[in-house]
Number of protein chains: 2
Amino acid sequence: MIGMKIGELARSTRTAVETIRYYEKIGLMPQVARTEGNYRSYGSNEAERLGFIRRARDLGFGIDQVRALLSLADERDRDCGEVDFIAKSNLLEVERKIAALQNLQQELSAVVRQCRAGKVADCRILKALGRPADWAD
Amino acid sequence: MIGMKIGELARSTRTAVETIRYYEKIGLMPQVARTEGNYRSYGSNEAERLGFIRRARDLGFGIDQVRALLSLADERDRDCGEVDFIAKSNLLEVERKIAALQNLQQELSAVVRQCRAGKVADCRILKALGRPADWAD
DNA sequence: ATGAACCCTGTAGCAACTACAGGGTCAAGT
DNA sequence: ACTTGACCCTGTAGTTGCTACAGGGTTCAT
Ligand SMILES: [Zn+2]
Ligand SMILES: [Zn+2]
Ligand SMILES: [Zn+2]
Ligand SMILES: [Zn+2]
């Protein structure tokens, strides 16, 4: 579809209109031509680009990583090592976050398990928070 | 230790000085007495309170949850059900985040595995990002 | 011509800090 | 006495990635 207004592009990529304008402001999406009424007019290039951005964001890539991926994608006969590096960095970061949250989950569920429904004065959860963590690990 | 300056309190709780001032600004830490030279002067009450805050934050509680826990902790002969509810909510939220990240990790590592180091034009990672996700799941 | 649905810009807000800028205070060393 | 350096103060702006207005303009159907 050609000559899409921003709302159509938004629907077709499941993106909020304001997000598209935001991407334009930070230079992730291009400034496109306007209609007479000053409406942005998008074509299939932009739709593809936004689709790429959305999928990359959904996979956890940061804005700057997406920016880098997009510009690498244009240098077609270059080696893809940098692309792979970015993707692997993201994967590592995701794995790091999982590990950190799993640690957290362990400690937190240990704390939660302590509670024998009673008065606040005796609550083990508050006791656990109230003093240095010699009870944990 | 009594009559601590903010830097000492910061060191003893492994908190940044600016974070303590920030906690004061948002009402999580109290406004304490000042010295002649207008320096904040902390006692052991505040040190304990900040310790509690730090541990709760480390366990993933949000600022508003910490605020609620602190005020519940003062009503000593109340039932601790609300405390437990907050803690369990936090645990659930942590578990939700872990699950989401594990999903992400699956999809992302599937993408990363595709790459056979070559030219950008053939990079499977970019191909995966460049089109709707019919390759995944 | 009036209304609904859409579009525009620009600014402020979210969480939870972090990083200055541009000062003041205090103790130690010379 | 004076200077250096470490510390402290307030206030504001930046971070990430959007989201939510406020206060307008455009388009199109009825
Ligand atoms: Zn309890
Ligand atoms: Zn631990
Ligand atoms: Zn590749
Ligand atoms: Zn999927």
Side-chain angles (χ1 to χ4, degrees), chain A residues 1 3-29 31-42 46 50 52-70 89-90 93-94 96-97 100-101 104, chain B residues 1 3-29 31-42 46 50 52-70 89-90 93-94 96-97 100-101 104:
Chain A
M1 196 185 296
M4 271 182 290
K5 283 185 267 183
I6 200 170
E8 281 178 280
L9 178 61
R11 271 189 299 280
S12 78
T13 54
R14 284 179 225 88
T15 306
V17 166
E18 282 120 336
T19 302
I20 300 174
R21 287 198 284 248
Y22 168 71
Y23 286 163
E24 181 186 303
K25 192 163 65 181
I26 64 172
L28 201 54
M29 286 291 286
Q31 291 185 314
V32 292
R34 302 295 182 106
T35 67
E36 276 188 32
N38 197 32
Y39 289 7
R40 287 169 181 83
S41 177
Y42 293 100
E46 286 84 30
L50 184 53
F52 184 104
I53 294 170
R54 283 276 313 156
R55 283 182 289 276
R57 295 284 303 121
D58 279 356
L59 286 172
F61 290 93
I63 294 278
D64 282 350
Q65 290 179 317
V66 177
R67 210 188 291 277
L69 289 174
L70 281 165
S89 306
N90 185 23
E93 182 61 17
V94 169
R96 214 191 46 71
K97 281 182 190 160
L101 283 172
L104 202 58
Chain B
M1 195 184 297
M4 271 182 290
K5 282 185 268 181
I6 199 169
E8 281 177 279
L9 178 61
R11 270 189 300 280
S12 77
T13 54
R14 284 179 226 88
T15 307
V17 165
E18 282 123 335
T19 302
I20 299 175
R21 287 197 284 248
Y22 169 71
Y23 286 164
E24 182 186 304
K25 192 163 64 181
I26 64 173
L28 201 56
M29 287 291 287
Q31 291 185 314
V32 292
R34 302 295 182 105
T35 67
E36 275 189 32
N38 197 30
Y39 289 7
R40 288 169 181 83
S41 177
Y42 292 101
E46 287 83 32
L50 184 52
F52 184 105
I53 294 169
R54 283 278 311 158
R55 282 183 289 275
R57 294 284 304 119
D58 279 356
L59 286 172
F61 291 93
I63 295 278
D64 281 351
Q65 291 179 317
V66 177
R67 211 189 289 277
L69 288 174
L70 281 165
S89 307
N90 185 23
E93 182 61 17
V94 168
R96 213 192 46 70
K97 280 183 190 161
L101 283 172
L104 201 58

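Please read these numbers as outputs of a predicted model, since none were measured by experiment. Residue numbers start from 1 in every chain, and the chains themselves are labelled A, B, ... in the order their sequence lines are given, proteins ahead of strands.
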Whole angstrom is fine here: how far is it from [atom1] in [X] over to [atom2] in [N]?
{"X": "B/Ile26", "N": "C/dC17", "atom1": "CD1", "atom2": "P", "value": "7 Å"}
{"X": "B/Leu50", "N": "C/dC17", "atom1": "CG", "atom2": "C1'", "value": "14 Å"}
{"X": "A/Arg14", "N": "D/dT19", "atom1": "CZ", "atom2": "C1'", "value": "20 Å"}
{"X": "A/Tyr42", "N": "C/dC7", "atom1": "OH", "atom2": "P", "value": "10 Å"}
{"X": "A/Ile20", "N": "C/dC6", "atom1": "CD1", "atom2": "P", "value": "14 Å"}
{"X": "A/Tyr22", "N": "C/dC14", "atom1": "OH", "atom2": "P", "value": "17 Å"}
{"X": "A/Glu36", "N": "D/dT26", "atom1": "CD", "atom2": "C1'", "value": "11 Å"}
{"X": "A/Asp58", "N": "D/dC18", "atom1": "CG", "atom2": "P", "value": "10 Å"}

Do A/Lys5 and A/Thr35 touch side chain to side chain, with heavy atoms closer than 4.5 Å?
no
Is there a side-chain contact between B/Leu70 and B/Ile53 (heavy atoms, below 4.5 Å)?
yes
Can you give one letter per nucleotide of nucleotides 1-13 of chain D, 5' to 3': B if a protein heavy atom sits under 4.0 Å from the base, S if only from the sugar-phosphate, - if neither?
------BSSB-B-
Minimum heavy-atom separation for A/Gln65 and A/Gly60, please, with both atom names.
OE1-O, 4.3 Å
Taking side-chain contact (heavy atoms from CB on, under 4.5 Å) as the test, write out the residues that go with A/Arg21, two or more places apart.
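Residues passing side-chain contact (heavy atoms from CB on, under 4.5 Å) with A/Arg21: A/Ile6, A/Val17, A/Glu18, A/Arg40.
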Residues B/Arg67, B/Asp64: salt bridge by 4.0 Å N-O rule
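Salt bridge between B/Arg67 and B/Asp64, a charged N being under 4.0 Å from a carboxylate O: yes.
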